[in-house]
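Note on naming: letters A, B, ... go to the chains in the order of the sequence lines (proteins, then strands), and numbering restarts at 1 for each one. Treat the numbers as computed from the prediction; the structure is a model and nothing was measured.
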Protein chains: 2
Amino acid sequence: MTNAVQSYHHGDLRSALIEAATARLSQHGVDSLSLRKLAEDAGVSRTAPYHHFKDKSALLSAIAAKGFSDWHSTAKRIFEQEDKTPQERFREFIHEYIGYAADNPEMYELMFGRTIWQNQAATNDLKDVAFPCFQFQVTMTRYWQDKGLLPNNQDALRLAQVTWGTLHGIARLLIDGIYADSSHIEEMCDCAADLFMQKQG
Amino acid sequence: MTNAVQSYHHGDLRSALIEAATARLSQHGVDSLSLRKLAEDAGVSRTAPYHHFKDKSALLSAIAAKGFSDWHSTAKRIFEQEDKTPQERFREFIHEYIGYAADNPEMYELMFGRTIWQNQAATNDLKDVAFPCFQFQVTMTRYWQDKGLLPNNQDALRLAQVTWGTLHGIARLLIDGIYADSSHIEEMCDCAADLFMQKQG
DNA sequence: CGTTTTATCTTGACAGTGTCAACATAGCCT
DNA sequence: AGGCTATGTTGACACTGTCAAGATAAAACG
């Protein structure tokens, strides 16, 4: 694609690396993602990436950051649909969340996996994108509490952690292939939604 | 410990490897767990482990199997306390589940992480121990439905997947350090329990 | 008992990996 | 024009999982 003249300086290696990494990620998974292969994909030597990313973790964080940015947009779009009832939006959000995870398992694994979060390894750039995304979960939760969909006697932050935890847990059970397969995704989502909104039937 | 005479044949290398691995696991994490180091710990050459485990994944599966076995016992013990009400046991189970994950993060990560489950990599030995453990979750769910703690209009399997998913998700958010820290574990557990048992107050 | 089979352990080797150090190039600024 | 700095290069190191081929000891068998 961007292969005009093979010059000493690549021109936009950083973007090329992220692009190559994203492609490889969705096809072969996060585990088979090596800096050396990415460098080769970009037509550059093994250690060139180190001039754009501190280490492998930093590259992965950059990819995940883009994922969070995308998901944040999707979440907002769903939440701000004025023509639908809060309950409709709530259900849609659940289905979309699980659907996103099921459709992009490797990206989800990267975004919410321990690889980039453990040992405080998360880049500041990553946190800057991810934290607002988490915060939005709390904002939505508070809204649904106000609308009477979720119990009002619970702290919004705790409730957000629990409801999000539920979605996260279901997503991971699906993705990791643990006692749940993708043939019953919709039923699981509905079951979760029903459970949250018990009082409202 | 088991270091009598340094003979050509170790004697019980398989157990020694699992023991060394379990120790290293809890201290340094699953990522820094190499067959070579384990072999060295056991005072044996690099490739000796291959006579007891097909590959690295098989060794990890063996460790996880022990974890499942232990957890299954704990779950049963909690569930079968005749002197406590179903509701008390339900709450205790939630707290114990999250507590186990928080106290043994590396073991939990191994047991429920993608490392040993992805690509159908799970050993039959592992499945033989893990599946009854999953099934027990369904059994308990059905019981709690009968006792009126959980909604009776839901399929037990789906409900088990959702409730377990919740615990799993909370555990992972905690372990991976994503927008939740260990200082509010109890509150999160209570919030989850309240949410599940809404109708019953 | 001696012999043979089998389980176990060894060294050697290979293809990978992330990452550092030292050096090369080229574009930019003064 | 000259130097600074961003970017790219090769070389090297320590580490990984895993296979192949040979060594040893214990167990099985005649």
Could you state the [atom1]-[atom2] distance from [X] to [N], rounded to the nearest angstrom?
| X | N | atom1 | atom2 | value |
| --- | --- | --- | --- | --- |
| B:Leu13 | D:dA25 | CG | C1' | 15 Å |
| B:Leu38 | D:dG17 | CG | C1' | 12 Å |
| A:Lys56 | C:dT17 | NZ | P | 9 Å |
| A:Leu59 | C:dT19 | CG | P | 10 Å |
| B:Glu40 | C:dC9 | CD | C1' | 16 Å |
| A:Asp55 | C:dT19 | CG | P | 5 Å |
| A:His52 | D:dA6 | NE2 | P | 12 Å |
| A:Asp31 | D:dT16 | CG | C1' | 14 Å |

Examine [N]: is either OP1 or OP2 under 4.0 Å from a nitrogen or oxygen in the side chain of [X]? Give yes or no.
| X | N | result |
| --- | --- | --- |
| B:His51 | C:dT6 | no |
| B:Lys37 | D:dC15 | no |
| A:Ser34 | C:dT17 | yes |

Given [options], the nucleotide with the shortest approach to the side chain of [X]:
| X | options | value |
| --- | --- | --- |
| B:Thr47 | C:dT11, D:dT9, C:dC9 | C:dT11 |
| B:Val44 | D:dT9, C:dC9, D:dT7 | C:dC9 |
| A:Leu35 | C:dT19, D:dG8, D:dT18 | C:dT19 |

>> Applying the ring pair (Phe, Tyr, Trp, His ring centres under 6.0 Å) criterion to A:His72, which one of A:Phe79, A:Tyr100, A:Phe136, A:Phe134 satisfies it?
In response: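 Considering A:Phe79, A:Tyr100, A:Phe136, A:Phe134, a ring pair (Phe, Tyr, Trp, His ring centres under 6.0 Å) with A:His72 is found only for A:Phe136.
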
> Of B:Arg46 and A:Tyr50, whose nearest nucleotide on DNA chain C comes first from the 5' end?
Replying inline: B:Arg46

> Which pair of non-hydrogen atoms, one from A:Ala156 and one from A:Thr141, has the smallest distance, and what is that distance?
Replying inline: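 Shortest heavy-atom separation between A:Ala156 and A:Thr141 comes out as O-CG2, 3.8 Å.
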
>> Does A:Ser45 reach a base, just sugar-phosphate, or nothing at all? Heavy atoms under 4.0 Å.
In response: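 Base: the residue A:Ser45, judged by heavy atoms under 4.0 Å, touches a nucleobase.
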
> Heavy atoms under 4.0 Å, any strand shown: does B:Lys54 hit a base, just sugar-phosphate, or nothing?
Replying inline: nothing

> Backbone N or O of A:Thr85 within a donor-acceptor pair of the A:Glu88 side chain at under 3.5 Å?
Replying inline: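 Indeed, once roles are kept as given, a pair shorter than 3.5 Å links the two residues.
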
> What's the verdict on side-chain hydrogen bond (donor to acceptor under 3.5 Å, both in side chains) for B:Asp12 and B:Ser15, showing C-alpha distance, side-chain angles and the deciding distance?
Replying inline: CA-CA 6 Å; B:Asp12 196 7; B:Ser15 303; 3.0 Å; yes

> If you measure from the Lys or Arg side-chain nitrogens to the Asp or Glu carboxylate oxygens, is any gap between A:Arg46 and A:Glu40 under 4.0 Å?
Replying inline: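 Result for this pair is no, no salt bridge flagged.
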
> Can a donor-acceptor pair under 3.5 Å be found between the side-chain atoms of A:Arg36 and the base atoms of C:dG16?
Replying inline: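 Looking at the base of C:dG16, it does not pair with any donor or acceptor on the side chain of A:Arg36 (distance under 3.5 Å).
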
